[in-house]
Amino acid sequence: MSTNHSASVVARAPERSPKRSKAWKLMKKHKVLYLLMLPGILYYLIFRYAPMYGVIIAFQDFSIGRGFAGSKFVGMKHFIEFFVNTPDSWKLIRNTVMLNVYDLLFHFPAPIVLALLFHELKSKGFKRFVQTISYMPHFLSTVVIAGIIVTFLNPQTGLLNFLLVKFFGIEPILFLGLPEWFRTIYVGSEIWQSVGWGTILYLAAIAGIDPALYEAAKMDGANRFQQMRHITFIGMLPVMIVLFVLRLGHFMETGFQKILLLYNPMNYETSDVINTFIYRRGILDADFSFATAVGLFQSAIGFVLVVVANRIIRKYSETSLW
Amino acid sequence: MKIRESFASRLFDAVNILIMLGLIVVMVYPMLFVLSASFSDNAMVASGKVLLLPKKITVAAYERLVFNPDLWRSYWNTIRYTVVHTVLTLIATSAMAYPLAKRWLPGRRPILLMAAFTLLFSGGIIPTFIIVQKLGLLNSIWAIVLPSLISTWHLFIMRTFFEALPEEIEDAATIDGCNSFQVLVKVVLPLSMPVLATIGLFTAVNQWNAFFDSLIYLNERSMYPLQIMLRNILIAGSTVQGEGDSQHLETMKYAIIMIATLPILCIYPFIQKYFVQGSMIGGVKG
């Protein structure tokens with residue numbers, strides 16, 4: 001083995017330099033192409049990789065004047081500060097995980113079910129109409145969605161409370177002031193906004209199913225529900241797996257922009273997540289190093305999760321991200 | 001046995017249609033209510049008399065807003081940010097994607113890997129904020145445009161599209177004496193209108209709807225885009241400045257939602273198809 005290896009190295013050596021000069025010629029000939037890429041490469045270096053390098057301030061006491069390279073190294077101080085001395089750290093992690101668990105349980109399957117139902121509609125015109133309507137909320141901004149929620153849930157002047165009083169005789173509820181309601185509001189509005197849009201990929205997968213499969217199933221006496229389960233559903237499975245892995249990669253993230261708009265000290269108990277905490281400590285209090293340490297903890301978990309999920313899935317199925 | 005099955009099947013169809021009708025109501029009713037409330041009398045809205053149709057129709061809320069200089073300035077800011085962002089994004093993304101579509105180009109792989117890695121790991125909010133601050137971009141349009149200039153997904157979508165273009169056309173242009181830049185501008189981009197439209201629209205709608213970057217990078221009122229103004233009025237509870245606004249407090253909230261959302265609601269049925277295309281090529285949303 002080792003002799004083989006060294007032999008091939010020896011054999012490759014002479015042809016290496018002409019190859020390199022050939023590449024060099026190509027590069028010179030097409031320098032315009034590199035010039036075209038330059039703005040993009042600069043963008044990645046400045047706005048993506050410089051912040052990655054900036055993550056080292058998680059191990060420093062960062063001061064703006066000294067910069068990333070010159071600030072004082074303090075090791076794990078900020079991590080210890082977060083895990084040991086921040087009474088809320090457990091609550092933040094729990095809320096982040098729980099919102100994601102709820103999201104995976106209710107929000108993730110919703111478009112799958114809806115795509116199945118869309119597919120079973122007999123009238124194509126009606127189907128297209130419902131689809132178009134269901135896509136609409138996707139185009140609303142987070143601020144508008146949150147604004148509608150806040151306005152509708154207002155105990156004095158909000159629509160939902162009027163409806164509750166009028167049709168159910170229930171006293172107005174201060175929805176956004178009660179921690180027990182927050183997860184429902186968050187996941188519910190998330191489903192409302194994206195369930196229709198989420199069906200697109202699944203419907204594309206369904207469209208790719210070979211019609212002969214349905215014919216064969218009918219010949220074998222499979223009824224409609226068996227066809228739905230064994231053909232349509234199985235046809236969506238690869239897309240489900242890919243989306244699930246991608247979703248896991250964002251497991252620690254949450255739609256924190258919406259949370260930022262909806263939360264208030266009264267519902268912090270369930271609404272305050274790692275990202276909102278980072279925003280408060282990092283941007284509002286300018287506690288850069290500490291907030292970066294918390295963020296690094298979060299993205300490290302996200303990174304591990306997506307790599308592990310991909311590995312597991314590659315082992316058991318043919319679909320994977322890379 | 002056969003009859004029972006077709007009965008179950010028909011029952012399923014009926015239930016399915018009912019579910020769809022329910023879905024339509026759930027999707028449309030909130031927006032319909034916002035529209036009705038914005039045209040109603042404030043007292044009617046505040047006391048819960050308006051549930052579906054407007055009561056005591058009036059345009060008072062819109063009147064207040066139309067004469068509010070803050071609103072138009074923020075509208076102008078949003079348009080400005082959206083247009084500049086979209087144009088620069090299309091230029092930078094296509095200029096980078098085109099060379100990356102050339103399989104024989106030396107150095108292509110490391111650059112692709114460099115871009116792909118950012119999908120897995122990012123520096124996060126705070127280090128990015130520090131970079132933007134150090135570059136002196138705070139409180140300028142560049143703080144909104146530059147940090148999100150290129151989306152790696154969009155870059156890859158465009159590269160895939162360019163790779164699929166027939167090479168013969170480009171070769172013909174090269175023989176006619178065009179250099180790579182001219183080939184890109186005169187031959188490749190005109191052939192790539194579908195993907196440019198898709199990515200342009202994604203970027204534009206995202207920027208129109210974005211608020212977080214403005215929240216952290218802008219602190220001058222005159223720079224605020226529409227979404228920040230919306231946030232301040234709808235969520236932070238600050239009132240629109242002007243006399244007698246308390247008489248229109250509720251209806252003005254609904255009116256401003258309509259004003260901010262109308263452009264998108266009007267065009268979305270027409271641009272929807274591009275979005276559907278885009279989210280399918282990319283495999284994931286924006």
Side-chain angles (χ1 to χ4, degrees), chain A residues 23 26-27 30 32-34 36-37 39-41 43-44 46-48 50-52 54-55 57 117 120-122 130 132-137 139-144 146-148 150-151 157 159 162 192 200-201 204 223-224 242 246 257 261 278-279 282-283 288 291-292 295-296 299 303 306, chain B residues 5 9 13 16 19-20 23-24 27-28 30 33-34 46 48 92 95-96 98-99 102 105-106 111 114-115 118 120-131 146-147 149-150 179-181 205 209 211-212 216 227 230-231 234-235 250 253 257 260-261 264 268-269 272 276 279-280 283-284:
Chain A
L26 257 179
M27 286 173 78
H30 293 284
V32 180
L33 287 177
Y34 295 97
L36 280 172
M37 284 196 285
I41 293 174
Y43 163 77
Y44 272 97
I46 296 172
F47 290 103
R48 301 296 188 100
M52 277 187 215
V55 162
I57 69 171
L117 294 179
E120 293 298 323
L121 285 173
K122 295 243 164 72
V130 187
T132 304
I133 296 280
S134 72
Y135 295 165
M136 183 265 295
F139 292 90
L140 301 178
S141 73
T142 315
V143 176
V144 165
I148 291 179
V150 170
T151 317
T157 56
L159 175 68
F162 289 140
W192 183 77
I200 291 174
L201 290 173
N223 66 26
R224 197 169 162 191
V242 170
L246 284 173
Q257 299 198 359
L261 296 167
I278 293 172
Y279 168 74
I283 304 289
F288 291 144
T292 303
L296 179 60
S299 28
F303 183 80
V306 75
Chain B
E5 197 172 280
S9 174
D13 280 331
N16 196 4
I19 294 175
M20 289 304 141
L23 185 81
I24 293 173
M27 294 293 165
V28 173
F33 173 81
V34 170
M96 190 172 179
Y98 176 64
K102 305 266 167 261
L105 192 75
I111 295 171
M114 174 189 84
T118 60
L120 290 178
F121 190 81
S122 80
I125 304 171
I126 305 298
T128 312
F129 178 83
I130 292 172
I131 297 286
L146 293 181
L149 188 66
I150 297 179
N179 68 27
S180 302
F181 176 72
V205 172
N209 285 341
F211 85 100
F212 187 69
I216 62 176
Q227 299 295 332
L230 265 179
R231 169 184 173 268
L234 293 173
I235 291 154
E250 288 305 310
K253 286 183 188 169
I257 293 180
T261 317
I264 290 197
Y268 107 84
Q272 207 210 94
V276 173
S279 67
M280 289 201 294
V284 280

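A note on names: the letters A, B, ... follow the listed sequences, proteins ahead of strands, and every chain is numbered from 1.
- Ranked by heavy-atom pairs under 4.5 Å with chain A, the list B:Thr261, B:Ile130, B:Leu23 is led by B:Ile130.
- In terms of heavy atoms, B:Ile235 sits closest to A:Gly147 at CD1-N, 3.9 Å.
- In this structure, the side chains of B:Ile216 and A:Tyr279 come closer than 4.5 Å at one or more pairs of heavy atoms.
- In this structure, A:Ser299 and B:Phe121 have side chains that are in contact, with non-hydrogen atoms separated by less than 4.5 Å.
- No other option in B:Thr118, B:Leu230, B:Thr128, B:Ile19 has as many heavy-atom pairs under 4.5 Å with chain A as B:Thr118.
- Applying the side chain to side chain contact (heavy atoms under 4.5 Å, CB included) rule to A:Pro39 yields no partners; only residues at least two apart in sequence or on another chain are considered.
- Looking only at heavy-atom pairs under 4.5 Å with chain A, the residue among B:Val205, B:Val28, B:Ile150 that has the most is B:Ile150.
- Contact annotation for B:Leu146: both backbone and side-chain heavy atoms come within less than 4.5 Å of a heavy atom of chain A.
- Of the two parts of A:Ile57, only the side chain, counted from C-beta on, holds a non-hydrogen atom closer than 4.5 Å to a non-hydrogen atom of chain B.
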Query raised in the report: Checking side chain to side chain contact (heavy atoms under 4.5 Å, CB included) for the pair A:Leu26/B:Lys102: CA distance, chi angles, key distance, verdict?
Result: CA-CA 12 Å; A:Leu26 257 179; B:Lys102 305 266 167 261; over 6 Å; no
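- Both the backbone and the side chain of B:Leu149 come within contact range of chain A, each with at least one heavy atom under 4.5 Å from a heavy atom of that chain.
- For the atom pair CD1 of B:Ile111 and OH of A:Tyr34, the computed distance is 7.0 Å after rounding to the nearest 0.5 Å.
- When B:Tyr98, B:Phe33, B:Phe129 are compared by the number of non-hydrogen pairs under 4.5 Å with chain A, B:Phe33 comes out ahead.
- Between chain B and the residues A:Leu159, A:Ile278, A:Val32, the most heavy-atom pairs under 4.5 angstrom are made by A:Leu159.
- Contact record, B:Ile257 with A:Val144: CG2-CG1, 3.8 Å, taken as the closest heavy-atom pair.
- The shortest side-chain heavy-atom distance between A:Val150 and B:Leu234 does not fall under the 4.5 Å cut-off.
- Contact detail for A:Ala291 and B:Ile126: the closest heavy-atom pair is CB-CG1, 3.8 Å.
- Residues B:Met27 and A:Met136 share a closest heavy-atom pair of O-CE, 3.2 Å.
- Chain A forms the most heavy-atom pairs under 4.5 Å with one residue out of B:Ala92, B:Ser180, B:Gly124, and that residue is B:Ser180.
- Between B:Met96 and A:Tyr43, every side-chain heavy-atom pair lies at or beyond the 4.5 Å cut-off.
- In this structure, the side chain of B:Tyr268 engages the main chain of A:Thr132 through a donor-acceptor pair within 3.5 Å.
- In this structure, the portion of B:Ser122 lying under 4.5 Å from any heavy atom of chain A is its backbone and not its side chain.
- Proximity to chain B (any heavy atom under 4.5 Å) is shown, for A:Ile46, by both the backbone and the side chain.
- Looking only at side-chain heavy atoms (C-beta outward), B:Pro127 and A:Met52 stay at 4.5 Å or farther from each other.
- In this structure A:Glu120 satisfies the side-chain hydrogen bond (donor to acceptor under 3.5 Å, both in side chains) test together with A:Arg224, sequence neighbours excluded.
- Residues A:Trp192 and B:Pro30 approach most closely at CZ2-CG, 4.0 Å, considering heavy atoms.
- Between the NE2 atom in A:His30 and the CG atom in B:Leu105 there is a gap of 7.5 Å [rounded to 0.5 Å].
- Taking every heavy atom of both residues into account, A:Val143 and B:Arg231 meet most closely at CG1-N, 3.6 Å.
- Contacts with chain A were tallied for B:Lys253, B:Gln227, B:Met20; B:Met20 has the most, counting heavy-atom pairs under 4.5 Å.
- Taking the side chain as every heavy atom from C-beta outward, B:Ile264 and A:Leu140 never approach each other to under 4.5 Å.
- Between the side chain of B:Asn209 and the backbone N or O of A:Thr142, no donor-acceptor pair lies under 3.5 Å.
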